[in-house]
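All ligand and atom numbering here is 1-based and tracks the order in the structure.
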Amino acid sequence: MKSLNAGIKERADRVFCNTYARYPAAMVSGTGCRLTDADGKEYLDFLSGIAVCGLGHCHPRVTEAICRQAATLVHVSNLYYTEPQTKLAEMLVANSFAERVFLANSGAEANEAAIKLARIAAGEGRYEIISLAGSFHGRTLATVAATGQPKFHKGFEPLPAGFVHVPFGDIGALEEAVTERTCAVLCEPLQGEGGVRPLAGEYLRAIRELCDRRGLLLIFDEVQTGMGRTGTLFAHQQLGITPDIMSVAKALGNGLPIGAILTTEKIAAAFVPGTHASTFGGNPVTAAAAVAVLETMLADGFLAGVRARGDYFRHRLGELVQRFPSLCAEVRGLGLINGLVLTEAGVAHGGTIVTTLFDQGFLINFAGNVALRFVPPLIVEEAEIDQVVEALAAVLAGLA
Ligand SMILES: *Cc1c(COP(=O)(O)O)cnc(C)c1O
């Protein structure tokens with residue numbers, strides 16, 4: 001019998017722009033940490049749609065909220081108020097440093113809003129944004145320009161002006177890059193796409209101090225690290241550094257497209273009716289999903305559980321570094337975003353390791369050409385962590 005996966009792949013490869021190097025599986029359904037493809041094969045999902053399905057696939061509470069709202073009101077534009085987006089913004093404000101929210105549809109769009117807000121708040125002549133080498137901020141032209149990885153720029157020049165990159169971890173270089181045109185520093189508290197690379201606490205504190213001293217806004221891109229991923233609702237909450245503007249997206253809607261920026265009353269005052277807008281932003285269905293996500297994550301014990309299982313995961317990955325020192329260099333991460341950094345010899349096998357695990361029904365990826373990245377649903381259980389670690393150990397044993 002012909003494979004249904006192969007049939008869908010064949011049709012898709014005829015009609016889509018060839019922008020994705022996809023694995024040969026067409027996913028059909030999901031529940032919790034598990035996915036099933038068109039041929040009935042099951043996968044243990046340690047990628048969560050790239051840190052999106054924080055509550056796992058088809059979480060009953062989110063599904064219920066989506067269905068209820070879809071049967072009530074799907075869209076009206078931002079010319080009118082709606083209850084779901086108001087509730088969502090109230091919850092974001094109540095659980096963060098922020099007093100004001102703007103709702104968008106994706107991470108890149110949230111960062112676009114952050115960039116526009118920083119520029120308009122800083123005023124005439126101050127438009128430069130400094131970001132870090134190895135960063136990832138999105139695929140729109142401005143967020144590509146902000147992204148500190150040349151491979152994302154190639155072929156799209158000229159990029160929008162006003163974006164400056166400095167080496168990772170070098171506070172002196174950051175200080176030197178500040179000019180009278182600078183309005184903000186944009187960074188991820190932990191670089192996700194860049195290979196699960198946390199910024200040291202000392203470095204983050206120095207960035208905050210520099211921003212304060214030079215009158216710059218600090219923008220945290222928490223698109224990947226936000227929404228419980230690191231064991232606190234937002235990563236910066238456990239690092240003791242507060243941004244002026246923060247972008248979130250990925251896990252906010254547990255799979256529905258929604259993004260947001262959060263900021264203070266004072267900075268938000270630079271936005272007035274007409275300065276920025278989004279047709280779909282804060283759409284009632286996506287907002288209702290996000291409210292259900294926040295209610296679930298803020299319930300007693302949820303985030304503590306993420307921290308506990310994160311510790312357990314890093315402990316188990318640490319065993320692999322001990323066992324396979326020729327392939328595995330170190331473990332990095334926070335909460336349930338973790339990376340197993342490979343040695344130079346290991347990096348050569350990074351792609352093979354991911355594909356071999358895929359064949360065996362385990363989904364992970366290789367981030368920044370340096371680390372195997374694990375971003376399972378935050379509801380993952382220790383036994384599921386054990387399964388992935390043991391499968392990976394067997395693959396590494398075959399290579400060592
Ligand atoms: C994924 C990601 C983005 C882009 O989000 P999209 O929803 O794909 O536009 C931006 N910043 C970071 C840190 C991300 O991980």
For this session: With sequence neighbours left out, write down each residue that passes salt bridge (charged side-chain N to carboxylate O under 4.0 Å, His left out) with Arg314, or none if nothing qualifies.
Result: Asp311
Exercise. What do you think, any protein heavy atom under 4.0 angstrom from atom 15 (O) of ligand 1?
Worked result: yes
Output the list of atoms in ligand 1 that are nearer than 4.0 Å to some heavy atom of [X], sorted by atom number.
X	result
Ala108	4 (C), 5 (O), 6 (P), 9 (O)
Ser106	7 (O), 9 (O)
Asp221	10 (C), 11 (N), 12 (C), 13 (C)
Gln224	15 (O)
His137	10 (C), 11 (N)
Asn111	10 (C), 11 (N)
Lys250	1 (C), 2 (C), 3 (C), 14 (C), 15 (O)

For this session: Would you check if the side chain of Arg373 reaches a backbone N or O of Gly195 as a donor-acceptor pair within less than 3.5 Å?
Result: no
Exercise. Got a donor-acceptor contact below 3.5 angstrom from the His165 side chain to the Ala146 backbone?
Worked result: yes
Problem set entry | Pi-cation contact, Phe358 with Lys41 (under 6.0 Å, within 45°) | yes
Within the 3.5 Å criterion, strictly below it, is a donor on [X] or [Y] matched to an acceptor on the partner's side chain?
X	Y	result
Glu99	Thr264	no
Thr355	Thr352	no
Gln69	Thr72	no
Asn78	Ser278	no

With respect to [X], determine whether any N or O atom, backbone or side chain, lies less than 3.5 Å from an N or O atom of ligand 1.
X	value
Glu193	no
Gly107	yes
Ala249	no
Val223	no

For this session: Indicate, with yes or no, if the rings of Phe136 and Phe152 have centres closer together than 6.0 Å.
Result: yes
For this session: Tell me which part of Glu188 gets within contact of ligand 1: side chain, backbone, both or neither, using heavy atoms under 4.0 Å.
Result: side chain
